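Computed from a prediction, not measured in an experiment: that's the story for all the values here.
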Amino acid sequence: MRTHLSGQLTPNDIGERVTLAGWVLNRRDHGGVIFIDLRDRSGRVQVVADPDAPEPFAIAEQARNEFVLRVTGTVRRRPEGTVNAELPTGEIEVVAERIELLGRAEPLPFQMDMADDEISETVRLKYRFLDLRRPPMQSALRLRAALISEIRRFLDARDFVDIETPILTRSTPEGARDYLVPSRTHPGEFFALPQSPQLFKQLLMVAGFERYYQIARCFRDEDLRADRQPEFTQLDVEMSFVDEGDVIALMEQLIREVFKRTADADLPDPIPRMPYAEALARYGSDRPDLRIALELTDLTDLMKAVEFKVFAAPANDPAGRVAALKVPGGGQLTRAQIDHYTEFVAQFGARGLAYIKVNETVDADGTATDTTTATIRDGLQSPILKFLPDDALAGILKRTSAVRGDLIFFGADQAAVVNDALGALRLEVARDLGLVEPGWKPVWVVDFPLLAWNEDAARWEAQHHPFTAPRAQDIELLESDPGKVRARAYDLVLNGREAGGGSIRIHDAALQRRVLNALGIDDAQAQTEFGFLLDALQYGAPPHGGIAFGIDRLAAMLAGADSIRDVIAFPKTQRASCLLTEAPGDVDEGQLRELGLAVKKPRTGDSK
């Protein structure tokens, strides 16, 4: 239907007769001559309809934004003074000899040249087919396609085999809630949509493929955030005869090449590694954003002997922590801003936010100009000064290296609460004060605990998943002290977001049963839930490990998008619904009868 793409015309095409097809981006009537910006996937070009050509002019008069046209005409240079230097096609235009109307458009809910923040997300998702026409969305999805293409190119060249695993599978008791699919042929029984291809890719290692990958669709019925969707896409990789170093080295190479080829971004070689415990101690998070220089300083030992119970109680609790976050130049913060941060940390369980402002009587090296008590206290401003002795104050200043104009925030509570609150505060303050460096700062976080204690359920849970191998030297602690067992796991964190995570797997059936036992799954239940894996591990399973990267998250980071919804063609809302198709929805009673199901609607006001 066309000879050229609109955005690919150049001055070299001047004098050539071309046929184009696309959408009307806008239409302008200038004293009888009509100008149309015609857009297709490649870009746009200006079309001129002159009244001297009555037939195409008549169609141009009818055209409105987003009408679909086919234009035949001759390329010419734009008249002097009308060149648009901001457009690749800004030196030329097409004089229409024929215009065909291929499709009309109703009045639009928004214009194609509007920015994201000018359109409500509800409207964008309801009219997603229009939203996707806008240049930012076109660019984001093309970048996503390029990302996947580069991943495939890299892995295909290294003898990885792309293998699809089942979408209809078995529900397992670990991890997030499954999406369940009732079976018509097995009444009363259900399939589950996979949360990941984990068990199948391990079976493929037992099957001898050695190198597997898949761009896999996964499903999790969980509460949503900007970086989560009920259905998502991940790069799934598994390798045999490898240890942690092998997987990390190859995946680093993959990520570096992908970022270079899709975004011309240079990642460090090698990417640094950081133990899990160090990440929590320094940044309050196992996903540290290393673009931010702010770090937590531990004060637990300093506060054990103080009379201030707010600090002393957690300092003397084996599960407690007292830590400080020094904010360079934070002395400029107003009381209203500090009150805002106090409210902010409350959502992470913090019961308050103590602070000290360091004023002019503190030297640049962090020590007081005078060692007398009065000088130290005169140099500081805080409601908590009266509760802290001189040696504690001196210790705080020395440890944090605080200087004139700085502000020190404090967290004192259970270690998890302090880490969550100060870790989040670190990010919030850095964004507010412009302390986030540009660029990419990746880090591998390693040495995770294998298990984490769930207070509500009163049992141990897998930090990653139940098939992660424990470190050999820690295996004997599985029964006696499971909290001290370290995992052979590794997460790649990029600018404070988890880009991917993986581990070396358990390839011994007896050890797998021990780990499942530690999770409260006895041998009988283990056989029922995971018998196919346990059986397979007894038939010559090689040592193996792998990783999964979130495609949606990687694409969002490369595109500079705040939400993964902006790099997914048809995403769900935060309530896991599709505004475009109005899914989920009711189904026909006949379908339910075939499945042996009846729907029990929740009562009004019932939250369950």
Evaluate the side-chain proximity of Asn84 to Arg78: yes if any heavy-atom separation is below 4.5 Å, no if none is. yes

How long is the gap from CG on Asn65 to CD1 on Ile36, to the nearest 0.5 Å? 10.0 Å

Regarding Arg505 and Ser503, is there a side-chain donor-to-acceptor distance under 3.5 Å anywhere? yes

Would you call Arg133 and Glu66 a salt bridge, using N to O less than 4.0 angstrom? yes

Heavy atoms, side chains only, cut-off 4.5 Å: are Arg134 and Ile119 in contact? yes

Does Trp23 form a side chain to side chain contact (heavy atoms under 4.5 Å, CB included) with Leu69? I'd like the steps, not just the answer. CA-CA 6 Å; Trp23 290 264; Leu69 304 180; over 6 Å; no

Specify the closest pair of heavy atoms between Pro109 and Val123, including all atoms of both residues, with the distance to one decimal. CB-CG1, 4.3 Å

Could you tell me whether a side-chain N or O of Ser139 sits under 3.5 Å from a main-chain N or O of Pro135, the two making a donor and an acceptor? no

Glu210 and Met239, any side-chain heavy atoms less than 4.5 Å apart: no

Look at the side chain of Glu252 and the backbone N and O of Ile271, then say whether any donor-acceptor pair between them is shorter than 3.5 Å. yes

Assess the pair Phe448 and Tyr276: is the distance between their ring centroids shorter than 6.0 Å? yes

Do you know which two heavy atoms are closest between Met112 and Leu25, and how far apart they sit? CB-CD1, 4.0 Å

With the side chain counted from C-beta on, respond yes when Phe549 and Met251 share a heavy-atom pair under 4.5 Å apart, and no when they do not. yes

For Glu106, does the CD atom have more than 12 heavy-atom neighbours from other residues, nucleotides or ligands under 6.0 Å away? no

Looking only at atom types and distance, does a side-chain atom of Glu257 sit under 3.5 Å from a main-chain N or O of Leu254, one as donor and one as acceptor? no

State whether the side chain of Arg553 and the backbone N or O of Glu498 hold a donor-acceptor pair below 3.5 Å, judged by distance alone. yes

Going by atom types only, do Arg488 and His464 share a side-chain donor-acceptor pair under 3.5 Å? no

Inspect the surroundings of CZ in Arg2 and state if more than 12 heavy atoms from other residues, nucleotides or ligands are less than 6.0 Å away. yes

Should we count CD of Glu278 as having more than 12 external heavy atoms under 6.0 Å? yes

Side-chain (Asp156) to main-chain (Arg153) donor-acceptor, under 3.5 angstrom: no

Report yes or no: does Arg426 contribute a side-chain atom to a donor-acceptor pair with the main-chain N or O of Leu294 at less than 3.5 Å? yes

Using distance alone, with no hydrogens and no angle criterion, decide if Thr3 and Thr19 have a side-chain donor and acceptor under 3.5 Å apart. no

Apply side chain to side chain contact (heavy atoms under 4.5 Å, CB included) to residues Ile504 and Tyr490 and explain how you reach the verdict. CA-CA 9 Å; Ile504 299 301; Tyr490 33 83; 4.1 Å; yes

Keeping Glu582 on the side-chain end and Leu579 on the backbone end, is there a donor-acceptor pair under 3.5 Å? no

Indicate the ring-plane relationship of Tyr127 and Phe129, choosing parallel, tilted or perpendicular according to the 30° and 60° boundaries. perpendicular

Between Tyr213 and Arg211, is there a cation-pi geometry (under 6.0 Å to ring centre, at most 45° from the normal)? no

Main-chain N/O of Gly329 paired to Asp406 side chain as donor or acceptor, under 3.5 Å: yes

Between Thr573 and Gln229, the two heavy atoms sitting closest are O-NE2, 4.5 Å

Check whether any side-chain heavy atom of His544 sits under 4.5 Å from a side-chain heavy atom of Gln202, and report yes or no. yes

Would you say Leu199 and Thr169 make side-chain contact, with heavy atoms under 4.5 Å? no

Assess whether a salt bridge exists between Glu231 and Arg220, defined as any Lys/Arg side-chain N lying under 4.0 Å from an Asp/Glu carboxylate O. no

Hey, are Tyr212 and Asp236 close enough side-chain-wise for a donor-acceptor pair under 3.5 Å? yes

Considering all heavy atoms of both residues, which atom of Leu494 and which atom of Pro442 are nearest to each other, and what is their separation? CD1-CB, 3.6 Å

Phe35 backbone acceptor or donor facing Gln46 side chain under 3.5 Å: no

I'd like to know if Asp269 pairs up with Arg256 as an ion pair, taking the criterion as any Lys NZ or Arg NE/NH1/NH2 lying under 4.0 Å from an Asp or Glu carboxylate oxygen. yes

Is there side-chain contact between Pro107 and Arg64, with at least one heavy-atom pair below 4.5 Å? no

Pair Glu91 + Arg77, salt bridge at N-O below 4.0 Å: yes

The test is side chain to side chain contact (heavy atoms under 4.5 Å, CB included); show your working for Arg486 and Leu450 and say whether it passes. CA-CA 5 Å; Arg486 291 167 297 169; Leu450 183 72; over 6 Å; no

Are Gln214 and Thr165 close enough that some pair of their side-chain heavy atoms sits under 4.5 Å apart? yes

For the residue pair Asp432 and Tyr341, confirm or rule out a side-chain donor-acceptor distance under 3.5 Å. yes

Between Ile408 and Leu325, does a side chain to side chain contact (heavy atoms under 4.5 Å, CB included) hold up when you go through it step by step? CA-CA 6 Å; Ile408 306 168; Leu325 174 67; over 6 Å; no

Can you see which heavy atom on Thr89 is nearest to which on Arg44, and at what distance? OG1-O, 2.6 Å

SB check Arg70 Glu100 (cutoff 4.0 Å): yes

Nearest non-hydrogen partners of Asp221 and Asp178, listed with the distance: CB-O, 4.0 Å

Within the distance-only criterion (no hydrogens, no angle test), does the side chain of Arg76 pair as donor or acceptor with the backbone N or O of Ile92 below 3.5 angstrom? no

Under 3.5 Å side-chain donor-acceptor pair for Thr233 and Arg217: yes

